[in-house]
Amino acid sequence: MVSKVIVKSPSSTANLGPGFDVFGLALDAYYDKIQLEKSNNGIKIQTSDSIPLVPEKNSAGLVVKEMAKKFKIKSGLVLKINKGVPAGFGMGSSAASAAAAAVAFDALFDLNLDAKTLVEFAGMGEKASAGSIHYDNVAAALLGGFVIVRTNPLNIIRIEPPKDLVLCVAIPKLVIPPKKTQVSRGVLPKQIKLSDHVRNLSNAAAMTAGFMKQDTLMIGSSVRDIIVEPARQHMIPGFIQVKENALRAGALGFTISGAGPSVIAFASKTSNVKKICTAMEAGFKSAKTKCQTVICKPSKGTIIL
Ligand code: ADP
């Protein structure tokens with residue numbers, strides 16, 4: 001049995017417009033790298049990034065704690081976390097750490113857990129960051145590609161994205177408020193009109209079909225959300241301008257990445273992705289906000305190094 005494992009896990013975008021709390025897509029924009037090593041006693045976190053060091057408050061620490069409890073592992077553990085995914089920007093940062101921790105623990109103790117069980121443990125880690133368990137980002141980060149999350153009972157459906165799908169992400173330079181995810185959930189409507197539900201559902205269904213048919217144009221045209229996006233867009237400076245600019249520059253679809261404040265434009269290999277990024281930067285600039293843009297592709301998910 002090995003005494004240490006190193007794992008890397010990607011960033012991800014959740015919702016993809018109409019699939020609130022259901023859809024996730026792994027992105028090869030950024031990666032977290034974690035090392036899990038046996039030690040004398042307790043669970044210790046080592047990192048130079050500004051994330052919680054207390055295991056219960058750290059998404060990876062909480063996963064390791066829950067897994068050690070479940071499998072009655074008495075050994076001490078040291079978790080070294082090297083963040084690549086910026087925390088709090090809607091890029092699935094805590095999820096990347098949580099997914100990496102679940103895979104590392106499984107490998108270190110030769111558990112051979114199935115994918116669904118690993119997603120279940122990784123989802124527990126989200127309690128440390130978002131306050132509640134949720135699976136969209138962790139399922140994408142762990143399995144890679146496009147995922148559909150069904151709950152009660154948990155069921156994850158993974159679909160391989162089309163090869164020509166390209167994403168342009170803009171990460172605005174904003175100060176992220178504490179409990180951002182809870183705040184951005186707080187602005188959502190408690191009730192919705194049936195006709196709005198029908199429109200979002202038709203787009204979610206079309207998006208699933210787009211991934212099944214490997215049809216990037218169909219995916220892009222399905223990124224339409226008339227429920228969550230209108231309720232959250234005021235939290236992102238210049239949102240309307242950024243969206244308009246991206247679509248005018250040729251983006252196939254555009255929405256908020258997860259709970260924001262990052263935004264994501266869907267494009268294909270034939271799109272002018274540099275033009276889309278420049279257009280998004282100009283949109284944020286019109287609201288006196290700087291942003292960092294990144295062109296990326298779907299990621300294959302978590303891997304053991
Ligand atoms: P996002 O999905 O928008 O990146 P997160 O769900 O990752 O947002 O939440 C970020 C919050 O989670 C930050 O306040 C951060 O301190 C906390 N957090 C706890 N553990 C981690 C971790 N291992 N990596 C990143 N953020 C973490």
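Counting convention: from 1, in listed order, for ligands and their atoms alike. All values reported here derive from a predicted model rather than from experimental measurement. Basis for what follows: all heavy atoms, side chains included, without hydrogens, waters or symmetry-related copies.
Distance check on atom 14 (O) of ligand 1: every protein heavy atom falls at or beyond the 4.0 Å cut-off.
For atom 10 (C) of ligand 1, the nearest non-hydrogen atom of the protein is Gly88 N, 3.7 Å. The shortest contact between atom 21 (C) of ligand 1 and any protein heavy atom is with Ser59 OG, 3.6 Å. Atom 6 (O) of ligand 1 has its closest protein heavy atom at Ser94 OG, 2.8 Å. If you check which protein heavy atom lies closest to atom 16 (O) of ligand 1, you get Pro52 CD, 3.4 Å.
Checking Glu126 against Ser129 by side-chain atom types alone, a donor-acceptor pair falls below 3.5 Å. Remark: the Ser93 side chain and the Tyr30 side chain contain no N/O donor-acceptor pair separated by less than 3.5 Å. Under the 3.5 Å distance criterion, with hydrogens and angles disregarded, no donor-acceptor pair is assigned to the side chains of Ser3 and Glu37. Donor-acceptor pairing under 3.5 Å is lacking for the side chains of Ser286 and Gln241.
On a distance-only criterion, Ala87 and ligand 1 share no N/O pair closer than 3.5 Å. Taking distance alone, with nitrogen or oxygen atoms compared against 3.5 Å, Gly90 approaches ligand 1 more closely than that limit. Between Asn58 and ligand 1, at least one N/O pair is under 3.5 Å apart. At least one N/O-N/O distance between Ser97 and ligand 1 falls below 3.5 Å. The N/O atoms of Gly92, backbone and side chain alike, include one that comes under 3.5 Å of an N/O atom in ligand 1. No N or O atom of Thr181 sits closer than 3.5 Å to an N or O atom of ligand 1.
In this structure, the ring of Phe239 has its center no less than 6.0 angstrom from the ring center of Phe284. A centroid separation of less than 6.0 Å is found between the aromatic rings of Phe71 and Phe121.
Counting atoms of ligand 1 from 1 in the listed order, those under 4.0 Å from a heavy atom of Lys83 are 24 (N), 25 (C).
Lys243 forms no cation-pi arrangement with Phe254, by the criterion of a distance under 6.0 Å to the ring centre and an angle within 45° of the ring axis.
Across Ser184, Ala100, Ser129, heavy-atom proximity to atom 9 (O) of ligand 1 is greatest for Ser129. Around atom 3 (O) of ligand 1, the closest heavy atom drawn from His134, Lys180, Met91 belongs to Lys180.
Between the side chain of Arg232 and the main chain of Gly260, no donor-acceptor pair closer than 3.5 Å is present. With Ser11 contributing its side chain and Leu27 its backbone, the two residues share a donor-acceptor pair below 3.5 Å. A side-chain donor-acceptor contact under 3.5 Å links Asp106 to the backbone of Leu113.
Contacts between Lys57 and ligand 1 below 4.0 angstrom, taking non-hydrogen atoms only, involve the backbone exclusively.
At a 4.0 Å cut-off, not a single heavy atom of Asn137 sits close enough to ligand 1 to count as contact.
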